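Worksheet for the structure shown next.
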Amino acid sequence: MPTQEPVKQPATELDARYSSALSPRPGAADVTATEWAEALRTMEAAEIFWVSTVRPDGRLHVTPVIAAWHEGVLYFSTGPGEQKAKNLAHNRHCALTTGANSLTEGLDVVIEGEASPVSDPAVVEEVITAYARKYGPHITSPEGTFHGIGDAFRKGDAVVYAVAPATGYGFGRDDGVYTHTRWAF
């Protein structure tokens with residue numbers, strides 16, 4: 001499981017091959033890499049992430065999850081019998097993706113890493129708090145979509161996974177000006 005070390009700032013680079021830096025569009029010549037702080041804002045605001053895992057036979061499995069960023073780690077959960085849990089038991093590599101669904105504006109963020117099950121009760125409580133802070137009544141209200149998820153985490157009815165990023169990618173769009181940023185951790 002990831003340790004609670006100080007959060008490292010990733011190395012940031014613009015990949016001009018896939019950015020508007022090579023395009024004649026107005027403003028493209030001045031395109032720069034997306035700052036990590038903007039990626040964090042995108043992840044903190046995102047309600048849904050898509051987790052991609054690998055089945056034992058090599059086929060991909062992609063499904064939506066809720067997730068919370070806390071102290072340099074992205075957390076998500078699933079039932080112990082669900083396909084993604086089975087896949088992660090075989091191969092811990094995964095990617096979590098979130099962002100905008102627009103051709104001309106927004107930022108898509110991809111976090112790649114290894115998913116580690118969280119068993120430390122203190123960290124589980126921190127994750128529950130991070131989920132409640134992020135999702136509010138969806139977690140805290142008896143009528144909430146995910147009410148009771150904290151108890152499921154505590155009892156082990158849901159497996160909490162921690163993904164410390166190894167690499168991240170940002171795909172920005174600003175009125176036709178595109179950026180492709182890579183963050184290395």
Side-chain angles (χ1 to χ4, degrees), residues 1-8 10 36-56 59-101 106-170 183 185:
M1 186 179 95
T3 60
Q4 297 295 329
E5 297 174 5
V7 178
K8 296 184 294 188
W36 177 241
E38 186 173 345
L40 288 174
R41 283 190 296 275
T42 297
M43 289 189 292
E44 289 168 358
E47 292 182 345
I48 297 292
F49 289 74
W50 292 87
V51 62
S52 301
T53 59
V54 182
R55 296 173 191 262
R59 291 180 299 133
L60 293 177
H61 177 71
V62 181
T63 187
V65 295
I66 61 173
W69 180 264
H70 177 65
E71 294 188 1
V73 177
L74 192 55
Y75 293 92
F76 73 96
S77 67
T78 188
E82 291 188 33
Q83 188 64 52
K84 54 191 161 293
K86 294 174 186 177
N87 296 346
L88 291 169
H90 174 74
N91 182 340
R92 293 180 22 199
H93 291 95
C94 68
L96 286 118
T97 306
T98 195
N101 195 21
L107 176 66
D108 298 324
V109 176
V110 178
I111 298 297
E112 296 179 345
E114 292 188 1
S116 300
V118 176
S119 58
D120 181 336
V123 175
V124 168
E125 290 302 321
E126 289 180 24
V127 173
I128 293 167
T129 300
Y131 267 54
R133 184 173 37 253
K134 180 174 182 176
Y135 292 100
H138 290 291
I139 303 294
T140 59
S141 170
E143 292 80 32
T145 307
F146 297 102
H147 185 261
I149 198 169
D151 289 335
F153 289 178
R154 289 181 190 102
K155 292 190 275 185
D157 294 340
V159 182
V160 177
Y161 289 96
V163 180
T167 307
Y169 297 96
W183 299 288
F185 293 83

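Values reported hereafter were calculated over all heavy atoms of this structure, with side chains retained and with hydrogens, waters and symmetry mates removed. A quick note: this is a predicted structure, and the numbers were derived from the prediction, not measured.
Residues Trp183 and Gly170 approach most closely at CZ3-N, 3.2 Å, considering heavy atoms. The minimum heavy-atom distance between Ala85 and Pro80, with the atom names listed, is CB-O, 3.5 Å. The shortest non-hydrogen separation linking Pro117 to Val159 is CB-CG1, 4.2 Å. In terms of heavy-atom proximity, Gly106 sits nearest to Ala100 at CA-CB, 3.8 Å. When all heavy atoms of His70 and Tyr75 are compared, the pair lying nearest together is O-CE1, 3.7 Å. Annotation for Gly81 and Lys86: closest pair O-CE, 3.1 Å, computed over non-hydrogen atoms.
Applying the salt bridge (charged side-chain N to carboxylate O under 4.0 Å, His left out) rule to Glu114 yields the partners Arg92; only residues at least two apart in sequence or on another chain are considered. With sequence neighbours excluded, the residues forming a ring pair (Phe, Tyr, Trp, His ring centres under 6.0 Å) with Phe185 are Trp36, listed by chain and number. Scanning for side chain to side chain contact (heavy atoms under 4.5 Å, CB included) contacts around Arg55 gives Asp57, Arg59, His61, Gln83, Asn87, with sequence neighbours left out. With sequence neighbours left out, the salt bridge (charged side-chain N to carboxylate O under 4.0 Å, His left out) criterion links Glu82 to Lys84.
Interatomic distance, CG of Leu107 versus OG1 of Thr42, reported as 4.0 Å (0.5 Å rounding). Here the CH2-OG1 distance, from Trp50 to Thr63, works out to 6.5 Å after rounding to the nearest 0.5 Å. Taken to the nearest 0.5 Å, the CD1 atom of Ile66 stands 8.5 Å off from the OG1 atom of Thr145. If you take NE2 on His93 and OG1 on Thr53, they are separated by 13.0 Å, rounding to the nearest 0.5 Å.
For residues 147-164, the set of pairs meeting the side-chain hydrogen bond (donor to acceptor under 3.5 Å, both in side chains) definition, not counting sequence neighbours, comprises Glu125-Arg154, Asp151-Arg154. Evaluation of the salt bridge (charged side-chain N to carboxylate O under 4.0 Å, His left out) test over residues 133-145, restricted to residues two or more places apart or in two chains, returns none.
Aromatic ring centres of Tyr131 and Phe153: separated by under 6.0 Å.
Taking the side chain as every heavy atom from C-beta outward, Thr78 and Val65 never approach each other to under 4.5 Å. Looking only at side-chain heavy atoms (C-beta outward), Tyr135 and Ile149 stay at 4.5 Å or farther from each other. In this structure the side chain of Met43 reaches within 4.5 angstrom of the side chain of Ile111, judged on heavy atoms. No side-chain heavy atom of Ile48 sits under 4.5 Å from any side-chain heavy atom of Thr98. For the pair Leu60/Val54, a side-chain contact is recorded, criterion being any heavy-atom separation below 4.5 Å from C-beta on.
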